[in-house]
J.: 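One structure is given below, represented as structure tokens, and several questions about it will come after.
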There are 2 protein chains.
Amino acid sequence: MAQRWSDDALARLRATSGRGGAARRAVVEYLGRQNCCLSAQEIYDGVRGRGLRVGIASVYRALEGLDRGGLVQRIDLGDGVARFEPVLPGGEHHHHFVCDDCGKVEPFEDPALEVALERIAGGRGYDVEAHDVVLRGACGECR
Amino acid sequence: MAQRWSDDALARLRATSGRGGAARRAVVEYLGRQNCCLSAQEIYDGVRGRGLRVGIASVYRALEGLDRGGLVQRIDLGDGVARFEPVLPGGEHHHHFVCDDCGKVEPFEDPALEVALERIAGGRGYDVEAHDVVLRGACGECR
DNA sequence: CATGTCTTTGAGAACGGGTATCATTATCGT
DNA sequence: ACGATAATGATACCCGTTCTCAAAGACATG
Ligand SMILES: [Zn+2]
Ligand SMILES: [Zn+2]
Ligand SMILES: [Zn+2]
Ligand SMILES: [Zn+2]
């Protein structure tokens, strides 16, 4: 599945952006191995940890391309650091709970929430294309 | 109502922080007059526009104190700028729609969404104290 | 009101995530 | 292999936010 996403993302990027590059490939492959959000710095560290000489600028460039193509979702948890996670085909996705105490980030899914959000999208004069939801509080260990 | 919030916030701040100051008072009074979120810079400009010599650092300090006291909600719309809006007593609040095209921010309320969020809060092992929701897309004028 | 103590304030430096720049390297059709 | 052109990496830069610190203000006391 993850491998599937990486391959698909690389193919899609090549179709829109003309050429392939090593940095972009490294970022996509590293990201495809994750199942929740990572910051650009975390991706940079992870890729570098594998011995690849990749610049932080290339990480941001790859993420920007992935974001424009809808292959990645930009997530803002309120700490001033943007995080990114793969967008799986079919629209299945999750949202995040952040512990105010220890900073832990946990994903969750909730179909009823998605339905409520769908209804809002339909009811207003807006053309809603995406939604962000973040829950805050104390996690099981911290409360 | 707005005046009510300002008075209450100032009283609450004085109770926790010992002394009152002119900058803090100016920020709270300006913020109490608004009904949706403002950035620190907008607050700074607004207060300065009234001829008060207030530093941007004091604006951030006031906002930090208000946030710690739960008197203000920090809102992150994903553009790298934190925004703040008064937290009204009773828990009534709204969320925001952001137009990807023109950048316009519009508030909306949706009881069904709040119910869905409440259910999530109760069902998991978390102790959820707050939630952020942002919808993105094209507004009525831009689509 | 004057004094002294402690807090708040404003200006600007410092910090950090993210972006722009640019010379160099890699890609890929030919 | 060659050459046009896009991608890359190092680093300078931008800008929102926080830190620092001397000066000003607030409050209790006499
Ligand atoms: Zn996630
Ligand atoms: Zn969702
Ligand atoms: Zn609002
Ligand atoms: Zn809500």
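Naming convention: chains lettered A, B, ... in sequence-line order (proteins, then strands); numbering from 1 in each chain. Any value given below was found using the heavy atoms of this structure, including those in side chains, with hydrogens, waters and symmetry copies removed. From a predicted model like this one, the values you see are computed outputs, not experimental measurements.
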J.: A:Ile43 CD1 to C:dG17 P: how many Å, rounded?
T.: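 Taking CD1 of A:Ile43 and P of C:dG17, I get 14 Å after rounding.
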J.: Which residue pairs satisfy the salt bridge (charged side-chain N to carboxylate O under 4.0 Å, His left out) criterion with at least one member in residues 37-57 of chain A, sequence neighbours excluded?
T.: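 Pairs touching residues 37-57 of chain A that pass the test: none.
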J.: Can you tell me the distance, in whole Å, between the CD atom of B:Gln41 and the P atom of D:dC15?
T.: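 Those two atoms, CD and P, are 12 Å apart.
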J.: For this output row, return yes or no: ring centroids of A:Tyr126 and B:Phe97 closer than 6.0 angstrom.
T.: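 Between B:Phe97 and A:Tyr126, which both carry aromatic rings, the centre distance is below 6.0 Å.
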J.: Taking atom P of C:dG16 as reference, at what distance in whole Å does atom CD of A:Glu42 sit?
T.: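 Taking CD of A:Glu42 and P of C:dG16, I get 17 Å after rounding.
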J.: Please tabulate, for side-chain N and O atoms in residues 71-84 of chain A, each donor-acceptor pair with protein atoms closer than 3.5 Å (sequence neighbours left out).
T.:
unit_1: A:Asp76; atom_1: OD1; unit_2: A:Gly78; atom_2: N; d: 3.3
unit_1: A:Asp79; atom_1: OD1; unit_2: A:Val81; atom_2: N; d: 3.2
unit_1: A:Asp79; atom_1: OD2; unit_2: A:Arg83; atom_2: NH2; d: 2.6

J.: Rounding to an integer number of Å, can you tell me how far B:Asp67 CG sits from D:dT18 P?
T.: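 In whole Å, D:dT18 P lies 10 Å from B:Asp67 CG.
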J.: Just so I know, are the side chains of A:Arg136 and A:Val134 near enough to count as touching, which here means a heavy-atom distance under 4.5 Å?
T.: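 A:Arg136 vs A:Val134: side chains touch.
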J.: With a 4.0 Å cut-off on heavy atoms, is B:Arg48 in touch with a base, just the backbone sugar-phosphate, or nothing at all?
T.: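 If one applies the 4.0 Å heavy-atom cut-off, B:Arg48 turns out to touch the sugar-phosphate alone, with no base involved.
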J.: Using whole Å, report how far CG of B:Leu63 lies from P of D:dC19.
T.: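 Taking atom P of D:dC19 as the reference, CG of B:Leu63 is at 15 Å.
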J.: Send over the distance from B:Tyr44 OH to D:dC15 P, rounded to a whole Å.
T.: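 Taking atom P of D:dC15 as the reference, OH of B:Tyr44 is at 16 Å.
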J.: Can you tell me the distance, in whole Å, between the CG atom of B:Leu77 and the P atom of D:dG16?
T.: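 Going from CG in B:Leu77 over to P in D:dG16 covers 15 Å.
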J.: Count the heavy atoms belonging to other residues, nucleotides or ligands that lie under 6.0 Å from CD of A:Glu129, then report whether that count exceeds 12.
T.: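 Counting other residues, nucleotides and ligands, CD of A:Glu129 exceeds 12 neighbours.
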J.: If the plane angle is over 60° it's perpendicular, under 30° parallel, otherwise tilted; pick one for B:His95 and B:His131.
T.: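 Ring orientation of B:His95 relative to B:His131: tilted.
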J.: Report, as a single string ordered 5' to 3', how protein heavy atoms within less than 4.0 Å touch nucleotides 19-30 of chain C: B base, S sugar-phosphate only, - not at all.
T.: BBB----BBS--
J.: Whole-Å distance between C:dG17 P and A:Asp79 CG?
T.: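 Result: 10 Å.
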